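Pasting a structure here, questions to come.
Predicted model only: the values in this text are computed from it and were never measured. Below, read A as the first sequence line, B as the second, and so on, with proteins coming before strands; counting in each chain starts at 1.
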Amino acid sequence: MDVNTMTYASQDLWTWWLAVYLYTGGLGAATLSVTFLTDMYLKPHRNLVLWGAGAGVVLLSLGSMMLFGHLLHHLAAIHVLNPLVFILKPDAWIAWGTQFIIWMMVWGVLYALPYARETPLLRRLPLVGKVLDWGLVVKISGAVQRFRKFVGWLAVVNGVGVAVYTGLLLQSFPAVALWANPGVPLLFTVSAFSTALAFLLLIMYTVIKDAADEKIRVLYERIDLVLISAELVILFSFFFYLKRGSESAMRSWELLFTDFGWLIGFIGFGLIVPFFLELKGVVKGWTSHVPIITASVLVLMGGYLLRHYFMYAGVYAYPW
Amino acid sequence: MAWSLPRLSRRTFLKTTGYGTAGLGLLSPLPSLVNQALATDEEVKEEVSYSICNFCSSLCNIRVTTHTQGGDKRIVKLDGNPHSTLNRGKICARGQAGLRQTYDSDRIKTPLIRVEGSRRGEYKFRQATWEEAWDYIAKRQAAAGIKPWEWTMVGGWTSCVFYMNWAVPFAMANQVPNIVASPMQHCVTTGHLGTDLVTGNFNIHDEVLPDFDHAKYILLVGNNASIGAVSTCRMVRFAQGRKNGAKIVALDPRCSETAAKADEWIQLRPGTDLAFMLALMRTLMQEGLYDADFLRRHTNMPFLLARDEQGEWRQVTDDQGRPLVVEEDSTRLRTLNKFSNLNHKDVEGNTFSPGLRVPDDFQMEGRPVRTVFQAQLEELEPYTADWAAEITGIPVATIARIAREFGTTRPAIVDPGWHGARFGNVMMLRRVQAMVQALTGGLDAVGGWMNSGELHHKAHQMFQAMDRGYEMGAPLANLAGMAFAKMVIGAVSQGENFSHGHPGWSWAWSAQEKAAGRFNVALPVMTDTGLRESVEGKLQFQGEPYLTRAFIINAANPVRHYYPDSYWKETLSHPNVELVVMVEVLPSDTTPYADVILPNTTYLERNEPTLYGNGVNHDLALTTRYAAIDPLYDTEETADILLKLTGIISGNRDGFLDWVEKLTGLKAAPVRAAHAELQKTQQKGAFAAACRQVSFAQTAARLGTTPEAIDAVLRDKGIYAEEGKDQILAHWGMPRQMPVPTDSGRVEFYSPMLRGLRDAGHSAPNFSVLATWIAPEYHEGQPATAPLAADEFYFSYGKTPTVSHGSTNSNNPVLAGINHFKRDIYQGVWIHPERAAKLLIRDGDAIRLINTRSGQETGGKAHVTRLVQRDTLFIYSAFGVENPALSRTQGEGTATNKLIPYQVEPVVAGFRSQEFTIKVAKA
Amino acid sequence: MTHYAMVIDLNTCVGCNACMAACALENQSPVWDEHKWRTYVHDKEIGVGSDVHRRFFPRLCNHCDNPPCMSVCPTGATYKKANGIVMVNPDWCMGCGACALACPYHARIPITYGDVAQGREFYGSDYRRSSPSMDKCSFCDHRVEKGLKPACVETCVGSSRQFGNLDDPNDPVTRMVASGVARPLMPHIGTRPNVFYIDDLKWRG
Ligand SMILES: Nc1nc2c(c(=O)[nH]1)N[C@H]1C(S)=C(S)[C@@H](COP(=O)(O)OP(=O)(O)OC[C@H]3O[C@@H](n4cnc5c(=O)[nH]c(N)nc54)[C@H](O)[C@@H]3O)O[C@H]1N2
Ligand SMILES: Nc1nc2c(c(=O)[nH]1)N[C@H]1C(S)=C(S)[C@@H](COP(=O)(O)OP(=O)(O)OC[C@H]3O[C@@H](n4cnc5c(=O)[nH]c(N)nc54)[C@H](O)[C@@H]3O)O[C@H]1N2
Ligand code: SF4
Ligand code: SF4
Ligand code: SF4
Ligand code: SF4
Ligand code: SF4
Ligand SMILES: [Mo]
């Protein structure tokens with residue numbers, strides 16, 4: 001009704017833990033997708049796939065546990081685990097998301113299975129080693145090898161689905177201008193892939209350390225640079241969309257663009273600094289890995305901050 | 001302002017961030033919830049019964065729903081009784097939440113005896129059996145040799161309304177002349193006596209219900225809880241009035257719930273309403289905006305007055321004391337009947353029209369003579385709108401406009417509010433309000449003030465008896481209005497009424513002070529004035545100390561409800577006091593001062609010992625309570641407790657029953673028989689049940705039906721309708737069909753009763769026979785318009801919609817939940833932002849409050865709001881509970897009794913609970 | 001057909017909170033948590049400068065015809081009945097909270113394990129809930145089904161709340177809605193609410 005009766009409030013139901021869910025979901029899924037695509041089309045890469053699948057499963061489990069832990073009624077979660085949920089609730093993104101997550105994990109593990117069977121470290125693990133030798137597992141592994149790309153694509157599609165879903169979820173909350181716009185899935189997807197590339201760069205510079213991967217790393221750096229730029233462009237449009245938007249949008253703008261954590265922490269250190277670090281790497285190259293490692297760490301940190309701030313800066317405009 | 005909101009929420013967000021891992025803790029093992037049986041509809045047996053709400057004197061009719069399953073019968077819901085024309089099927093938040101009093105985990109569940117060696121006030125009690133409790137009382141009474149007059153009974157409004165028929169006979173049977181009743185000093189006498197002096201009613205609470213439904217103009221003066229916050233029967237009508245388009249104007253220093261529904265909220269300095277009303281009355285009378293015919297016929301406006309040697313107005317009468325009037329537009333004298341509702345018939349039965357004015361030079365026996373109308377108008381001469389504007393702070397144009405609007409819109413209602421005890425001038429204010437209402441002719445009229453069916457019924461019977469010259473009997477049941485008040489005053493003020501010759505100590509104290517030439521109270525009816533002195537041994541009667549050494553406190557919480565808190569704490573813990581017995585349902589701030597606490601059944605667990613009238617309902621009907629469940633704990637009924645105590649105090653149990661018969665008409669013999677019979681089968685409540693049986697039987701006889709038939713109707717509907725309001729008005733309308741219960745039977749502008757008090761030596765303006773101005777005295781000896789210091793404020797308070805008084809139901813879990821939800825508004829100290837800013841006080845700040853007059857100090861939290869007059873502080877008077885045994889409310893808010901000193905006005909010892917200023921500082 | 005709706009006349013809502021108490025007891029709300037009411041009444045100071053008003057603003061689920069809370073609900077616990085009432089099935093609800101974020105009217109409250117345990121103690125043998133869930137106003141569907149009015153409407157001492165059937169053209173509620181005196185909150189969001197308010201500021205002119 002009357003304007004001067006409006007109340008503006010952010011929510012305190014979905015807080016940091018949901019930001020973690022969105023973050024690890026996007027990061028894990030994108031990591032898995034990138035590594036599988038790399039493996040399928042650039043160069044078969046056992047380590048990368050294992051890392052990708054592993055990260056996918058671990059990060060998504062972590063994120064899902066966050067959500068699961070905060071459910072009011074854990075047993076009833078059975079209703080979203082049921083694959084038929086698509087038919088029952090095709091309009092609910094969490095239903096899609098949950099299924100994407102489950103199937104991405106399933107196809108991801110399957111895709112990685114043949115590699116896992118070839119990995120001495122895994123074979124030496126007590127329980128895992130045994131399982132890898134089970135007859136059924138061996139058979140499945142064979143089948144996966146035969147339909148490698150098919151399985152890979154199933155995983156990738158689900159992975160991309162997860163990444164996009166994290167944005168769509170927020171987009172489905174109509175009262176909050178910051179969330180309910182098509183920029184959000186885009187932003188979250190770009191951010192998911194950017195963080196995934198950063199994560200993989202980090203792994204490749206610190207754990208895998210294979211000189212033969214130089215081409216991949218350069219490619220990743222270049223793509224990441226593009227993604228960071230894209231993210232900056234999207235944020236630039238968010239800046240104006242929010243600043244001259246509805247009351248809800250303007251108040252979100254107030255919250256975000258007057259906050260040092262957002263401005264300096266996320267945009268400064270999470271995007272601009274890594275952008276220049278990577279730009280220099282791509283254009284002139286660095287003599288040490290440290291700048292790229294730094295950039296990766298910053299991008300990863302920024303990825304969380306983005307989601308954290310998005311959760312808290314969502315402003316409801318209540319007419320009372 | 002708006003920007004701060006998201007920032008606030010940001011804090012909540014970051015706070016949750018801080019809790020970090022707590023979230024994962026929610027992965028707690030799936031409790032065995034799923035396996036536990038849930039209440040399925042098949043197993044549930046639903047039953048409905050009817051009762052009366054017990055949370056305020058609006059006495060709403062309620063419907064009680066119970067569910068029984070697995071042998072457990074629980075009250076699950078209360079609703080307004082849909083058959084009730086009183087509250088029209090609705091009840092307020094307190095009424096809704098009422099069932100949680102019965103289930104309150106903090107309830108008093110067994111008799112409690114103060115632990116040996118502890119002091120009163122410490123709240124150290126041990127559980128006891130009833131036998132132990134009775135034994136304890138008997139031993140203390142015997143050991144201390146407490147005399148009848150050394151006992152004092154203290155009752156709250158519920159004991160007053162529901163148990164007067166036992167409490168007063170109890171006092172008489174035990175020869176106890178002392179009763180303190182908590183509604184009296186706060187609202188009933190202080191506030192209402194003013195109105196009642198004019199209209200003859202006594203106690204607006206249950207006698208007048210304005211017909212808001214049909215009013216076109218409603219002027220609300222200092223009322224809120226009596227309408228919108230909430231007296232349901234008033235609020236439902238008020239809402240309809242508003243929907244029907246009535247114009248509503250509210251005078252209140254703060255925007256109350258009711259003022260929020262007004263078309264105009266008029267802010268004024270607390271305590272200055274009288275100035276506004278006098279200016280309004282002056283306008284009406286000067287500009288002819290009154291119902292002249294009504295005044296001529298039914299009021300004492302045409303009566304003749306003359307000043308005596310001392311300049312005092314006195315009525316001009318014939319030698320038999322009969323009032324004289326003149327015929328309209330002539331100087332021909334006529335004599336009227338002393339008691340009548342009609343002025344247009346003289347003593348000889350000739351019809352004429354009495355005049356409201358006599359010529360300016362009219363004289364009798366050499367003295368100038370005026371009509372009451374003229375004398376009153378003269379008195380009002382200085383009270384112009386300009387004059388009132390300066391005192392009240394209301395713009396002069398507003399005062400003038402509202403006076404004219406009110407005078408020219410019909411039907412109009414001025415609604416006086418109930419809780420009157422704020423300023424020494426409130427009784428006069430209420431008188432003026434009643435006079436203004438009478439000027440419109442809006443008494444017992446559509447869209448005006450309307451008396452209850454019950455009052456009409458009683459008055460009718462009383463007048464019939466007067467007319468036919470027979471003795472009424474059963475005065476508690478049959479006396480209406482001022483006649484009732486006078487009976488009560490007569491009973492306790494005169495020692496002759498008691499075998500020991502002692503009047504009530506409040507009367508003895510007034511007499512002692514009067515003799516000493518000090519301030520004294522004319523009619524200390526059921527007040528606490530003199531109590532302290534009596535306890536401390538400072539009161540003498542016939543050369544002997546008149547001590548108070550024992551108390552029975554039933555359903556009252558004087559420590560919280562009287563001022564200041566120390567008065568009753570110190571009185572009850574005085575070493576002279578040998579025994580304090582309390583009857584309660586919950587721990588209060590007074591229970592720590594008891595020696596024995598006797599647990600009462602709650603209202604939903606009991607059948608009442610009698611049939612009641614239907615409160616303030618315009619319709620005449622009967623109702624009562626039906627127990628919805630068996631008592632949960634080891635509790636007892638009030639009537640039985642009083643009977644048992646009579647056995648202990650005086651042994652005069654038979655006398656008790658006889659007094660009940662004498663005062664209420666409930667026959668002793670059948671009660672005795674029924675009691676003997678019922679005792680064989682029921683351990684508790686047998687006496688109450690016996691009274692109920694007889695009450696049903698007697699009522700059935702009166703109505704020409706059977707007790708079973710009444711019972712059947714009441715079980716089915718909760719209401720036994722006798723007569724509708726239209727019929728009642730047509731036959732018993734007061735004063736149009738029947739006299740009003742004043743001295744003269746007329747509506748009294750000039751007050752013969754105050755004339756009597758003046759003649760008895762009370763000369764303060766409070767006793768003025770005509771309407772006049774009495775200034776509020778914020779500072780001792782300074783005019784009301786004296787400026788305030790920068791940190792100084794006037795004080796005001798009022799009731800919360802969700803709590804009764806300062807009562808134990810702030811502990812009700814549902815109400816406490818709401819109070820917490822609205823904590824800032826309900827529990828904060830309202831202060832205007834302009835003034836707060838100057839004192840650097842921000843919303844939510846802790847502040848100190850210091851009474852400039854008494855030095856009392858207490859704390860609170862600032863609620864900075866424009867909804868309060870700039871120079872006034874406001875608090876809701878419901879909070880400030882100290883007893884930790886009230887676990888949900890203790891320690892919350894600011895208590896009025898920490899700020900208000902002992903200050904009373906001279907007519908009935910009404911509190912002057914806002915007549916001071918408060919200094920505010922950041923804590 | 002029936003299409004239930006509520007009209008709330010702000011002109012006669014007196015801020016008494018009877019509706020809150022009635023609703024809580026009728027629907028066994030967790031009254032021990034001051035933030036968990038199916039319906040609550042804001043007490044707001046509005047207006048500029050000295051032109052100040054006190055407005056009471058009762059709030060509850062709007063039973064939207066296009067309820068975002070329902071579309072986001074992954075379990076199907078939130079559903080809409082043919083009579084227009086938006087319900088939550090506590091057995092299906094896992095309490096993810098998406099509906100609460102989706103609701104533009106702040107109408108949903110979480111009932112936790114702790115609340116259920118306390119509820120069992122507080123409401124005793126009559127307690128009807130067996131598992132936690134998101135909760136909200138049900139328009140007292142269980143009463144409405146029996147031909148009764150919702151608890152809050154029944155007791156509203158200001159007759160501010162009125163309940164009716166929009167499919168009945170003669171229902172006073174329908175008329176107030178059709179005439180435009182009673183208006184929904186934030187219709188631009190596209191929720192198509194079925195709770196309508198009559199403004200109280202107009203009255204004062
Ligand atoms: N602080 C403060 N003081 C006030 C007021 C206020 O608003 N605030 N209002 C003033 C006014 S206008 C009035 S009328 C008086 C009213 O004062 P009281 O008549 O004393 O009113 P209550 O507080 O309703 O009830 C007093 C006690 O009765 C107990 N009680 C409730 N039900 C039962 C029952 O069934 N049996 C028994 N035995 N006890 C029961 C309650 O637990 C409570 O302790 O207070 C006056 N004093
Ligand atoms: N919620 C609730 N309702 C109740 C009761 C209850 O305990 N709780 N008790 C019942 C009983 S016994 C009583 S006596 C009535 C009391 O009914 P009321 O007398 O109507 O109620 P209060 O809340 O005491 O005060 C009414 C208003 O007076 C204002 N006020 C204070 N000082 C002044 C002044 O100097 N001038 C003017 N014009 N206004 C002033 C206050 O701000 C407040 O809004 O309520 C009845 N109804
Ligand atoms: S107004 Fe409320 S508290 Fe008073 S009797 Fe009615 S329901 Fe009870
Ligand atoms: S019960 Fe009615 S009048 Fe009271 S707060 Fe609720 S909506 Fe307003
Ligand atoms: S909390 Fe329950 S009702 Fe709400 S969206 Fe989740 S599952 Fe659906
Ligand atoms: S008000 Fe909120 S909870 Fe209710 S139906 Fe609409 S969106 Fe859903
Ligand atoms: S309709 Fe029923 S559930 Fe909804 S607010 Fe009213 S009482 Fe509560
Ligand atoms: Mo009162």
**Prompt:** Who among B/Thr232, B/Ile825, B/Ile91 has the most heavy-atom pairs with chain C under 4.5 Å?
**Reply:**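 Winner by heavy-atom pair count: B/Ile91.
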**Asked** Relative to chain C, which of B/Arg88, B/His820, B/Arg94, B/Glu257 shows the most heavy atom pairs under 4.5 Å?
**Response**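 Of the options given, most contacts go to B/Glu257.
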**Prompt:** How about B/Trp265 and C/Val52: do any of their side-chain heavy atoms sit closer than 4.5 Å?
**Reply:**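 Of all side-chain heavy-atom pairs linking C/Val52 with B/Trp265, at least one is under 4.5 Å.
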**Item:** Proximity breakdown for B/Ser256 and chain C, heavy-atom pairs closer than 4.5 Å
**Value:**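 Only the backbone of B/Ser256 comes within 4.5 Å of chain C.
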**Message:** Check for me whether B/Arg100 meets the cation-pi criterion with C/Phe122, that is, NZ or CZ under 6.0 Å from the six-membered ring centre and within 45 degrees of the ring axis.
**Reply:**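 Yes, B/Arg100 lies over the aromatic ring of C/Phe122.
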**Request:** State the CG-OG1 distance between B/Leu78 and C/Thr155, to the nearest 0.5 angstrom.
**Result:**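 Rounded to the nearest 0.5 Å, the CG-OG1 separation comes out at 9.5 Å.
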**Prompt:** Between B/Lys822 and C/Asn17, does any side-chain donor sit less than 3.5 Å from a side-chain acceptor?
**Reply:**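 Yes, side-chain donor-acceptor contact under 3.5 Å.
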**Request:** Using a strict cut-off of less than 4.0 Å between a Lys/Arg side-chain nitrogen and an Asp/Glu carboxylate oxygen, indicate whether C/Glu154 and B/Lys90 qualify as a salt bridge.
**Result:**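 Answer for the salt bridge query: no.
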**Message:** Can a donor-acceptor pair be found, under 3.5 Å and without considering hydrogens, that links the side chain of C/Glu45 to the backbone of B/Arg866?
**Reply:**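 Pair found, side chain donor or acceptor close to backbone of B/Arg866.
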**Asked** With respect to chain B, which residue among C/Val31, C/Asp91, C/Val157 yields the maximal number of heavy-atom pairs within a distance under 4.5 Å?
**Response**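 Of C/Val31, C/Asp91, C/Val157, C/Val157 has the most heavy-atom pairs under 4.5 Å with chain B.
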**Prompt:** Distance-only, no hydrogens or angles: does the B/Lys261 side chain make a donor-acceptor pair with backbone N or O of C/Cys13 under 3.5 Å?
**Reply:**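 Side chain of B/Lys261 to backbone of C/Cys13, a donor-acceptor pair under 3.5 Å: yes, one is there.
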**C/Arg54 (side chain) donor-acceptor with B/Leu867 (main chain) under 3.5 angstrom** =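 Answer holds: no.
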